[in-house]
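Below is one structure, written out as structure tokens, with a few remarks after it.
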Amino acid sequence: MQLVEKIIKGERAAIAKAITLVESSRENDKNESRKLISELLNKPGKSIRVGFSGPPGVGKSTFIESFGRYLVEKNYKLGILAIDPSSQITGGSILGDKTRMIEISKNPNTFIRSTPSRGSLGGISAGTREASIILDAAGYDFIFIETVGVGQSETMATNLVDIFSLIVGPGSGDELQGIKKGITEYADIFIVNKNDGDLKSEASKTASDYKSAISYYKKSNDTADKEVLLVSAIEQTGMEKVIETIQNIVSQNKKNKNFDERRAKQLTYWIEEEVREIIQFNIQNKIKADGSISQLSQKVMDGKIQMFEAIEAITQNLQNK
Amino acid sequence: MKTKNSENYTKWQKSFEQETKIDLKEASSETDEGIEIKPVYTKADIENLSFVDNDSLPGQFPYTRGPKASMYTNRPWTIRQYAGFSTAEESNDFYKKNLKSGQKGLSVAFDLPTHRGYDSDDDLVMGDVGKAGVAIDTVEDMKILFNDIPLDQMSVSMTMNGAVLPVLSSFIVAGEEQNVNKNLLSGTIQNDILKEFMVRNTYIYPPDPSMKIVADIIEFTSKEMPKFNSISISGYHMQEAGADNVLELAYTLADGMEYVRAALSKGLDIDDFAPRLSFFFAIGTDFFMEIAKLRAARTLWYKIMKDFGAKNEKSLILRTHCQTSGVSLTEKDPYNNIIRTSYEALSAILGGTQSLHTNSFDEAIALPTDESARIARNTQLILQNETGVTNTVDPLAGSYFIESLTDELSKKAWEVIEEIESLGGMTKAVKAGVPKLKIEESATKKQAKVDSGSRVVVGVNKFKNPKEPKVDVRVIDNNRVRDDQIKKINDIKASRDQKAVDESLAKLVTAAKEDSNLLARSIDAIKNRATVGEVSKALEQVYGRHFATSLSVSGVYGKHFEGDEDFMNVTKKVNIFEEENGRRPRVLVVKMGQDGHDRGAKIVATSFADMGFDVDMGPLFQSPKDVAKDAIENDVHAIGVSTLAAGHKTLVPELMKSLKEIDPKSKIIVFVGGVIPEQDYDFLYKNNISAIFGPGSNIIESAEKVIDLISDKIHKNN
């Protein structure tokens with residue numbers, strides 16, 4: 001497959017087209033996409049996938065711009081997948097991440113792709129996992145996945161990334177109570193941004209709130225410790241500590257096999273998800289072809305049979321096909 | 001008496017309803033500002049007003065009726081035409097011609113590189129040198145600009161905000177070297193950075209150091225340049241960006257309050273600098289509203305300055321320059337613009353402006369020619385000499401409608417001012433992006449009204465001219481200007497005392513770190529022939545360069561079209577497109593070069609998204625190469641280039657080249673919108689541009705055309 005070679009060579013347009021393919025909702029494209037991904041999975045790269053999430057307004061994109069600048073200066077290749085919400089009313093979207101990633105978007109060592117979330121509410125979009133496999137095969141050292149809102153933390157942490165980090169702003173410690181459970185469980189790194197100017201003392205206070213919150217978290221013996229870091233995206237401070245922490249967690253998790261186990265679990269989940277999707281697709285086609293649902297519904301309405309009887313009859317019918 | 005009034009009124013109402021067949025309650029209309037306009041006003045409407053004092057006189061507080069007792073009866077307003085292009089030599093010629101033909105004051109337009117503190121030889125500014133204004137790199141350029149124009153007699157207004165330090169320094173040194181001491185220089189420097197963060201985007205440094213520079217200039221000029229206005233607090237660009245009159249008025253005055261506080265923080269007494277604060281408003285097509293705005297502005301400023309504790313009468317008076325609206329000009333049937341500008345000019349005069357710029361009719365397309373500039377100037381000369389408007393001060397005073405409208409506008413603006421104050425003042429509000437977003441919302445609403453036809457624009461959405469006239473425009477050879485400028489820079493760099501330059505720049509950096517006055521230091525550097533770019537870069541070491549983050553409104557445009565057939569038609573096409581192609585049509589909307597006017601780009605982005613497109617927004621000030629990378633990585637179907645500063649002839653071909661460099665088989669289509677003279681259309685089409693949308697293009701029609709072009713391209717490839 002020519003596309004595969006081009007991706008491995010790192011051709012920008014080929015990578016971009018491949019991502020379009022795996023994001024496509026067209027049935028033909030889905031088969032193409034599965035073929036492509038299968039081939040790419042045989043040629044894995046060495047990228048570390050890092051997830052970034054956080055409430056709106058904490059400066060996620062600004063942090064990624066700042067941290068990304070730090071990484072490309074150190075000659076790392078950086079792929080960024082940013083997911084923006086689609087409007088529920090019009091279906092359209094405004095993809096504005098790059099207005100906040102001014103310097104890194106110019107750099108030849110970056111690849112930045114914005115994706116509208118489409119159906120999935122402001123979170124992970126269909127194809128994000130596949131897109132990260134494409135960037136991995138293309139030789140990117142780090143793949144950042146950025147989503148809006150913290151609601152997708154679990155999905156992202158368990159299905160997509162090697163490290164999941166939550167970006168928060170000064171003063172957000174108070175909200176911790178509400179979101180503590182899910183977050184402390186899934187986040188590997190807490191990044192407290194805006195540690196600058198008037199907000200410095202507030203930021204430190206927030207960091208210690210998070211530190212004390214994660215101290216309640218009971219970790220199994222061999223996993224890497226969760227970390228709380230203070231950064232300023234606008235002053236570009238604290239960045240070396242972020243990369244150091246990422247690398248430490250990765251090497252520790254690799255040593256104790258956590259890293260591979262996590263990826264294995266993600267693969268299992270993925271297969272399950274694909275199977276579910278295919279079955280669902282098949283069933284949907286059967287349902288479309290089968291007229292019994294509307295007939296039986298009418299019978300229920302007319303009081304001729306009971307609802308559960310109708311359900312059972314339809315299920316039987318579909319399974320036998 | 002009272003009973004007779006109400007009897008008359010009842011009778012009138014009956015007749016009105018009989019004639020119109022409309023219930024009086026339903027007969028009011030609503031302005032963009034949300035003000036109700038009634039079919040008739042009576043004495044009752046000017047009783048119990050909140051801000052307006054019906055008994056006040058011109059030149060008396062609250063100065064609603066004008067800053068001076070005699071106004072134009074003693075001396076008419078100053079005809080001050082804003083101009084500048086190409087090199088200093090050519091602009092100087094143009095100025096001298098204009099002064100001979102009756103213009104009284106000068107107003108300098110600088111090119112975008114100068115605004116943003118880049119020298120003409122900087123790679124970043126390739127397409128922008130000499131385009132939307134004159135290129136100034138060193139004091140030598142400034143001296144040429146004012147060659148044979150005595151600076152002790154001519155008042156000079158300079159639109160400069162970002163690179164305000166090196167440019168004002170060059171002006172001062174140019175004066176000195178003409179043997180004019182700085183205390184004799186008169187005129188105005190715009191020096192209004194807050195609105196740059198809101199709308200115009202020609203800032204350099206972040207908000208806080210930018211405010212320090214503003215305050216430094218107020219401090220320096222209040223001590224050393226008694227005849228010079230230290231700032232021109234500008235609402236103009238807000239209205240141009242789509243703000244309604246309440247927003248324009250309120251944000252401008254709130255900006256003014258912030259500058260007063262900045263100057264006070266320097267330890268100055270308010271009466272030392274307040275008399276030299278000046279204002280600048282836009283005058284659009286809403287005739288009476290614009291008159292009321294100027295009257296309301298003076299009324300509110302009086303109150304604001306009183307609250308600050310100003311005692312000197314001159315501190316309490318708002319003096320303003322006005323310019324007719326650029327955004328009201330249309331590319332279609334352009335001679336209509338002469339008429340629009342005339343009415344706008346009359347509004348400004350009836351509102352009591354101190355000076356006025358009237359736009360040339362071709363400014364929706366290009367920079368004015370000698371001929372169009374003459375017509376624009378004559379618009380004012382006719383008003384002054386033929387119409388009799390100068391014979392009576394504030395002739396509309398006492399009009400039930402005008403007085404009531406003035407008061408209504410004041411009340412609404414005051415609420416917005418209080419809202420900004422509650423956020424901690426304008427610097428904080430700007431950092432939070434609040435005013436920018438409000439203005440964009442207002443802009444999108446206005447655009448939707450035009451596109452849906454609920455607002456008529458003659459020659460654009462109604463009464464179209466079947467035979468569009470051809471108009472000759474001024475053409476700037478941008479490459480030649482750039483070459484000339486580079487040569488001059490090189491000559492100066494070869495002949496100057498480099499050690500003196502380095503030392504004075506080092507002192508400037510120290511001053512920035514120590515927080516002492518920067519204008520004095522930058523005058524020294526400029527005197528030593530440091531360039532505008534060098535002075536700006538020196539300060540950038542300390543302050544950094546500011547990049548704005550961009551928020552977007554959504555849903556505002558679409559709301560105006562619920563049930564609209566054309567609108568639904570496009571959304572339907574978008575949905576079909578998605579089914580066929582597995583994704584929505586995806587468009588990258590960009591600005592390139594140093595042009596920061598992003599109203600058009602923002603409106604296109606939000607309205608396309610409302611029609612169901614996926615829209616990528618690029619940052620401001622991108623190079624064609626950056627845009628190409630962005631477009632290809634996101635695999636967009638189309639790129640929409642918004643251009644308002646004449647850079648398209650250099651930047652668009654460069655973009656096409658960059659696209660092919662990254663992907664020789666690129667199928668991305670490119671369309672261009674904004675200020676593009678028809679003479680350039682062929683050139684652009686030859687460069688494989690798929691569509692061109694001039695000012696006043698209907699966005700729904702444009703969106704439909706774009707989706708059709710994308711679909712065609714896809715079908716051709718299959």
Side-chain angles (χ1 to χ4, degrees), chain A residues 11-30 32-33 56-57 59 61-62 65 79-80 82 84-103 105-108 110-118 126-127 197 234-236, chain B residues 206 208 432 544 547-555 557-559 571 574-575 578-586 588-590 602 605-623 625-626 628-636 659 662-668:
Chain A
E11 277 183 29
R12 218 172 278 281
I15 299 170
K17 292 257 182 284
I19 296 179
T20 303
L21 179 69
V22 299
E23 285 175 355
S24 173
S25 56
R26 194 159 57 176
E27 240 5 87
N28 292 349
D29 289 343
K30 284 196 173 153
E32 289 282 304
S33 158
S61 307
T62 317
E65 157 86 357
I80 297 172
D84 283 327
S86 296
S87 159
Q88 282 177 278
I89 301 163
T90 67
S93 63
I94 292 189
L95 310 161
D97 310 277
K98 280 144 304 182
T99 61
R100 293 176 290 274
M101 299 184 191
I102 295 157
E103 286 302 316
S105 66
K106 294 178 191 168
N107 194 293
T110 64
F111 188 102
I112 305 175
R113 175 74 167 226
S114 298
T115 295
S117 63
R118 303 180 81 175
I234 54 167
E235 289 176 1
Q236 218 194 17
Chain B
D208 289 323
F547 291 103
T549 58
S550 160
L551 305 164
S552 297
V553 291
S554 78
Y557 188 84
K559 227 170 59 191
T571 53
V574 170
N575 290 333
E578 187 186 20
E579 270 172 40
E580 281 177 3
N581 295 284
R583 61 170 175 155
R584 290 174 172 267
R586 186 160 178 175
L588 169 65
V589 177
V590 292
K602 285 285 182 65
T606 150
S607 48
F608 272 48
D610 281 357
M611 284 179 259
F613 284 66
D614 285 326
V615 182
D616 290 75
M617 286 286 283
L620 286 173
F621 314 124
Q622 272 187 305
S623 75
K625 227 173 89 192
D626 303 338
K629 179 176 184 269
D630 195 351
I632 284 180
E633 286 177 358
N634 287 287
D635 195 19
V636 299
L659 283 171
I662 306 181
D663 181 13
K665 286 190 217 143
S666 169
K667 304 278 189 309
I668 298 172

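Here is how names work: the chains are called A, B, and so on, in the same order as the sequence lines, proteins then strands, and each is numbered from 1.
Heavy-atom distances place no part of B:N575 under 4.5 Å from chain A, backbone and side chain included. Neither the backbone nor the side chain of A:E11 comes within contact range of chain B, judged by heavy atoms closer than 4.5 Å. Proximity to chain B is absent for every atom of A:D97, based on heavy atoms less than 4.5 angstrom apart. Of the atoms belonging to B:D626, it is side-chain heavy atoms, and not backbone ones, that fall under 4.5 Å from chain A. Both the backbone and the side chain of A:I112 come within contact range of chain B, each with at least one heavy atom under 4.5 Å from a heavy atom of that chain. With a 4.5 angstrom heavy-atom cutoff, A:T110 touches chain B via backbone and side-chain atoms both. Heavy atoms closer than 4.5 Å to chain A are found nowhere in B:K625, neither backbone nor side chain.
With respect to B:D630 and A:K98, a salt bridge is recorded, a charged nitrogen being found less than 4.0 Å from a carboxylate O. A salt bridge does not link B:R583 to A:E23: none of the charged side-chain nitrogens sits closer than 4.0 Å to a carboxylate oxygen.
When every heavy atom of B:A609 is checked against every heavy atom of A:S93, the shortest pair comes out as CB-O, 3.7 Å. Residues B:R584 and A:G92 share a closest heavy-atom pair of NH1-N, 4.1 Å. Scanning all heavy atoms of the two residues, the minimum distance from B:I632 to A:A13 falls at CG2-CA, 3.7 Å.
Side-chain contact check for B:M611 versus A:T90: every heavy-atom pair is 4.5 Å or farther apart. Using a 4.5 Å heavy-atom cutoff, the side chains of A:L95 and B:V615 are not in contact.
Side-chain atoms of A:T99 do not come within 3.5 Å of backbone N or O of B:P619 as any donor-acceptor pair. Judged by distance alone, the side chain of B:N634 and the main-chain N or O of A:S114 form a donor-acceptor pair under 3.5 Å. A donor-acceptor contact shorter than 3.5 Å is absent between the side chain of B:E633 and the backbone of A:R113.
Ranked by heavy-atom pairs shorter than 4.5 Å toward chain A, the options B:L620, B:I662, B:D610, B:D663 are led by B:D610. Comparing B:G612, B:A605, B:P206, B:P585 by how many heavy-atom pairs each has under 4.5 Å with chain A, the most go to B:G612. Annotation: maximal heavy-atom pairing with chain A below 4.5 Å, among B:E579, B:E578, B:K665, occurs at B:E578. Chain B forms more heavy-atom pairs under 4.5 Å with one residue of A:P108, A:S61, A:G91 than with any other, namely A:G91.
Here B:K602 contributes atom NZ and A:I94 contributes atom CD1; the two are 9.0 Å apart, rounded to the nearest 0.5 Å. Of the inter-residue distances, the one linking B:Q622 atom CD with A:S105 atom OG reads 6.0 Å to the nearest 0.5 angstrom. One distance of note links CG of B:N581 with OG of A:S24; it measures 8.0 Å at 0.5 Å rounding.
With sequence neighbours excluded, the residues forming a salt bridge (charged side-chain N to carboxylate O under 4.0 Å, His left out) with A:D29 are A:R26, listed by chain and number. Listed by chain and number, the residues in a side chain to side chain contact (heavy atoms under 4.5 Å, CB included) with A:E235 are A:D196, A:S232, A:T237 (sequence neighbours excluded).
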query: Are B:D635 and A:I19 close enough, and set up right, to give a side-chain contact (heavy atoms from CB on, under 4.5 Å), and what steps lead you there?
result: CA-CA 9 Å; B:D635 195 19; A:I19 296 179; over 6 Å; no
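No side-chain donor-acceptor contact under 3.5 Å links B:S623 and A:K106.
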